[in-house]
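Report on the structure given below.
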Amino acid sequence: MHIVHTALAAGLVSLSLISTPALADPAKDTAMLKLAASSGCTVCHSVEPAAKADGSVPVGPPWRDVASRYYGVKDAQTTLTQIVMHGSSPYSSHWKGKVGGLAMPPNEVAISEADAKKLVGWILSLDVR
Ligand code: HEC
């Protein structure tokens, strides 16, 4: 009986450990923000969509918008990691008219594929609906 109780209690503890971070806004994840900054991403991207005083659009799409656009899209993390590593095509721009940049240059000189995948996973988690 005692063993059963202990196991139950342990289960409850680990459940609450798992669910707590999901409640926090992932945009405040300082480890990911640092990785994005040190990899050069934040030169062109911000997390939040922000209207510029001069009415200009950002170079790259704000990551909250990226998260909304690909919410629930199958294999989005894999596809977007490849785009981040190898760059996007200016002939099939996904954000045409919404951003200032015509295409994203390859980032493979600045970031490992494992870190890019981690960042993309985090970016996709920014839509907390
Ligand atoms: C020199 C500017 C620049 C840098 C640096 C940059 N990006 Fe981008 N990024 C863009 C532009 C421009 C687009 C929009 C491409 C398009 O319209 O298809 C984009 C698109 C994206 C997208 C969405 C792709 C899609 O097809 O919808 C993701 C995710 C992304 N960037 C992540 C990153 C990450 C992570 C880094 C850092 C490792 C990074 N970007 C660095 C300019 C940049």
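Hydrogens, waters and symmetry mates play no part in the numbers below; they use all other heavy atoms, side chains included. Counting starts at 1 for both ligands and their atoms, following the listed order.
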For atom 31 (N) of ligand 1, which protein heavy atom lies nearest, and how many Å away is it?
H45 NE2, 2.9 Å
Heteroatom test (N, O or S) for S88 near atom 8 (Fe) of ligand 1, limit 2.8 Å:
no
Close-contact set for ligand 1 against Y70 heavy atoms, below 4.0 Å
25 (C), 26 (O), 27 (O)
Look at atom 4 (C) of ligand 1 and say which protein heavy atom is nearest, naming residue and atom and giving the distance to 0.1 Å.
C44 SG, 3.4 Å
Salt-bridge contact D54-K52 (side-chain N to carboxylate O under 4.0 Å):
no
Is the closest heavy atom of I83 to ligand 1 under 4.0 Å?
yes
Per-atom contacts, ligand 1 versus G101 - under 4.0 Å to a heavy atom:
12 (C)
Are any of the N/O atoms on S39, whether in the backbone or the side chain, positioned under 3.5 angstrom from an N/O atom of ligand 1?
no
Which residue and non-hydrogen atom of the protein lie closest to atom 10 (C) of ligand 1, and at what distance in Å?
M104 CB, 3.4 Å
Any nitrogen or oxygen of N107, side chain or backbone, less than 3.5 Å from one on ligand 1?
no
Does even one non-hydrogen atom of V43 get within less than 4.0 Å of ligand 1?
no
Within 6.0 angstrom of K96 NZ, more than 12 heavy atoms from elsewhere:
no
Among protein heavy atoms, which lies nearest atom 12 (C) of ligand 1, and at what distance?
V59 O, 3.3 Å
Would you mind checking which non-hydrogen protein atom is closest to atom 29 (C) of ligand 1, with the distance to 0.1 Å?
V66 CG1, 4.0 Å
Give yes if a backbone or side-chain nitrogen or oxygen of W95 is under 3.5 Å from a nitrogen or oxygen of ligand 1, and no if not.
yes
Under 4.0 Å, counting heavy atoms only: does A110 come that close to any atom of ligand 1?
no
Per-residue contact class, P61 against ligand 1 - non-hydrogen pairs under 4.0 Å:
side chain
Numbered atoms of ligand 1 (with element) below 4.0 Å of A103, judged on heavy atoms:
12 (C)
Donor-acceptor pair, Q77 side chain versus K117 backbone, under 3.5 Å?
yes
Do any N or O atoms from the side chain of T42 and from the backbone of H45 form a donor-acceptor pair under 3.5 angstrom?
no
Hphob cluster co-occupancy, L119 + Y71, side-chain heavy atoms under 4.5 angstrom
no
When you measure from the side chain of D29 to the backbone N and O of M32, does any donor-acceptor pair fall under 3.5 Å?
yes
Separation between CE of M104 and CH2 of W95, rounded to the nearest 0.5 Å
11.0 Å
Is P105 touching ligand 1 with its side chain, its backbone, both, or neither, if touching means heavy atoms under 4.0 Å apart?
side chain
Counting only N and O atoms by type, is there a donor-acceptor contact under 3.5 Å from the side chain of S38 to the main-chain atoms of L35?
yes
List the steps, then state whether side chain to side chain contact (heavy atoms under 4.5 Å, CB included) holds for L80 with V66.
CA-CA 10 Å; L80 293 179; V66 173; 4.2 Å; yes
In the protein, what heavy atom is nearest to atom 16 (C) of ligand 1, and what distance, to one decimal place, separates them?
H94 N, 3.4 Å
Pair C41-N107, side chain to side chain contact (heavy atoms under 4.5 Å, CB included): steps then yes or no
CA-CA 8 Å; C41 315; N107 289 286; 5.6 Å; no
At under 4.0 Å between heavy atoms, is it the side chain or the backbone of C41 that contacts ligand 1, or both, or neither?
both
Are any side-chain N or O atoms of R64 and backbone N or O atoms of L126, one a donor and one an acceptor, separated by less than 3.5 Å?
yes
Tell me which protein heavy atom sits closest to atom 24 (C) of ligand 1, plus the residue, atom name and distance to 0.1 Å.
L80 CD2, 3.7 Å
Would you mind reporting whether V59 and V43 have side-chain heavy atoms less than 4.5 Å apart?
no
Which of the atoms in ligand 1, numbered in the order shown and given with their element, are less than 4.0 Å from a heavy-atom of G40?
5 (C)
Any idea how W122 and W63 line up, ring-wise: parallel (<30°), tilted (30 to 60°), or perpendicular (>60°)?
perpendicular
